[in-house]
Amino acid sequence: MKGKAVSLDRLASVFRKMRDQKSENDSLPSLVDWLRSRLDDESLSDLAPGRSQAPRSERRRATAILEDLGSDVSGMVCHGDASSRNILLGPDEQLMLIDPRGINGDVCYDVAVAAWKTASDAPLRDRAAELARLVGVDTDRVHAWLFVADAARV
């Protein structure tokens, strides 16, 4: 679905299935640890074209938010890279997520990234809030993940 508009109703159906799901593999790496390593890396080179590392003050603020968010996500299902290039339209016209990062985390992170990285003319915070509402997850939490994801330059 890269570069194509994706309706929030269709996206929500994917994430509702993941909501409140415990991971079957507790040995997977943690979303929080992965993001913390990106925020702490003073010479982050894994950046999208045209992006530069976030200022240190923004990364510090994101790290503090991450610590609050990460306190209750251990062992939960998380795709970890819910961008448009990893959302496919299946033969039954249902959306599917492919190529998971293989981490334990928080579906609210996936909701934030999907809202951010799927095509839309809507303001990002509004799109994220509407997707959160449709999935049935906390809007403030999704907005917090948006800030962390942006500061980590995912």
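Heavy atoms only: backbone and side chains are in, while hydrogens, waters and symmetry mates are out. Numbering of residues begins at 1 and proceeds along the displayed sequence. All of these numbers come straight from a predicted model, not from anything done at the bench.
Side-chain contact, D9 with S7: no donor N or O sits under 3.5 Å from an acceptor N or O. S27 and N25 share a side-chain donor-acceptor pair at under 3.5 Å. Using modelled atom types, one finds a donor on one side chain and an acceptor on the other under 3.5 Å when comparing R127 with T118. No hydrogens or angles considered: nothing links the side chains of S30 and N104 as a donor-acceptor pair under 3.5 Å.
Within a 6.0 Å sphere centred on CD of E24, other residues, nucleotides and ligands contribute 12 heavy atoms or fewer. Counted within 6.0 Å of CZ on R61, heavy atoms from surrounding residues, nucleotides or ligands total 12 or fewer; the atom is thus considered open. Atom CZ of R51 sits in a crowded spot, with more than 12 heavy atoms from other residues, nucleotides or ligands closer than 6.0 Å.
For the pair E130 and R125, the salt-bridge criterion is not met [side-chain N within less than 4.0 Å of a carboxylate O]. Checked for salt-bridge contact, R38 and D46 meet the test: a charged N lies under 4.0 Å from a carboxylate O.
Using a 4.5 Å cut-off between side-chain heavy atoms of Ile, Leu, Val, Met, Phe, Trp and Tyr, with links allowed through other members, V107 and L134 fall into the same hydrophobic cluster. Note on L124 and I65: same hydrophobic cluster, where clusters join Ile, Leu, Val, Met, Phe, Trp and Tyr whose side-chain heavy atoms are under 4.5 Å apart, directly or indirectly. Hydrophobic clustering, with ILVMFWY side chains joined whenever heavy atoms are under 4.5 angstrom apart, groups L131 together with L89. Under the 4.5 Å side-chain heavy-atom criterion for Ile, Leu, Val, Met, Phe, Trp and Tyr, L97 and L28 are members of distinct hydrophobic clusters.
The two residues S83 and V113 have their closest heavy-atom pair at N-CG1, 4.2 Å. The shortest heavy-atom contact between L146 and A112 is CD2-O, 3.4 Å. Between G80 and Y109, the closest heavy-atom pair is O-CE2, 3.7 Å. Counting all heavy atoms, side chain and backbone alike, A151 lies closest to A54 at O-CB, 3.4 Å. V142 approaches A128 most closely through the heavy-atom pair CG1-CB, 3.9 Å.
Atom CD of Q53 and atom CD of E42 lie 6.0 Å apart (nearest 0.5 Å). The distance from the CG atom of D106 to the CG atom of D138 is 9.5 Å, given to the nearest 0.5 Å. To the nearest 0.5 Å, the span separating CG on L95 from CG on L88 amounts to 9.0 Å. Distance OG/S13 to CG/L8: 11.0 Å, rounded to 0.5 Å. For the atom pair D150 CG and E58 CD, the distance stands at 6.0 Å (nearest 0.5 Å). Distance check, rounded to the nearest 0.5 Å: CD1 of I103 to CG of L35 gives 7.0 Å.
W34 places none of its side-chain heavy atoms less than 4.5 Å from the side chain of P29. D81 is listed as a side-chain neighbour of H79, based on a closest heavy-atom distance under 4.5 Å. The shortest distance between side-chain heavy atoms of M76 and K22 falls below 4.5 Å. Looking at W145 and D110, their side chains never come closer than 4.5 Å, going by heavy atoms from C-beta outward. A 4.5 Å side-chain heavy-atom check between R19 and V137 finds at least one atom pair inside the cut-off.
With V148 as reference, L66 is the one residue of V32, L66, L31 to meet the side chain to side chain contact (heavy atoms under 4.5 Å, CB included) rule.
Applying the side chain to side chain donor-acceptor pair (under 3.5 Å) rule to pairs touching residues 87-98 yields nothing, sequence neighbours excluded.
Every residue two or more places apart in sequence or in another chain that forms a side chain to side chain contact (heavy atoms under 4.5 Å, CB included) with D41 is listed here: S43, L44.
Not a single donor-acceptor pair under 3.5 Å links the side chain of R153 to the backbone N or O of A48. Side-chain atoms of K117 come within 3.5 Å of backbone N or O of V154 as a donor-acceptor pair.
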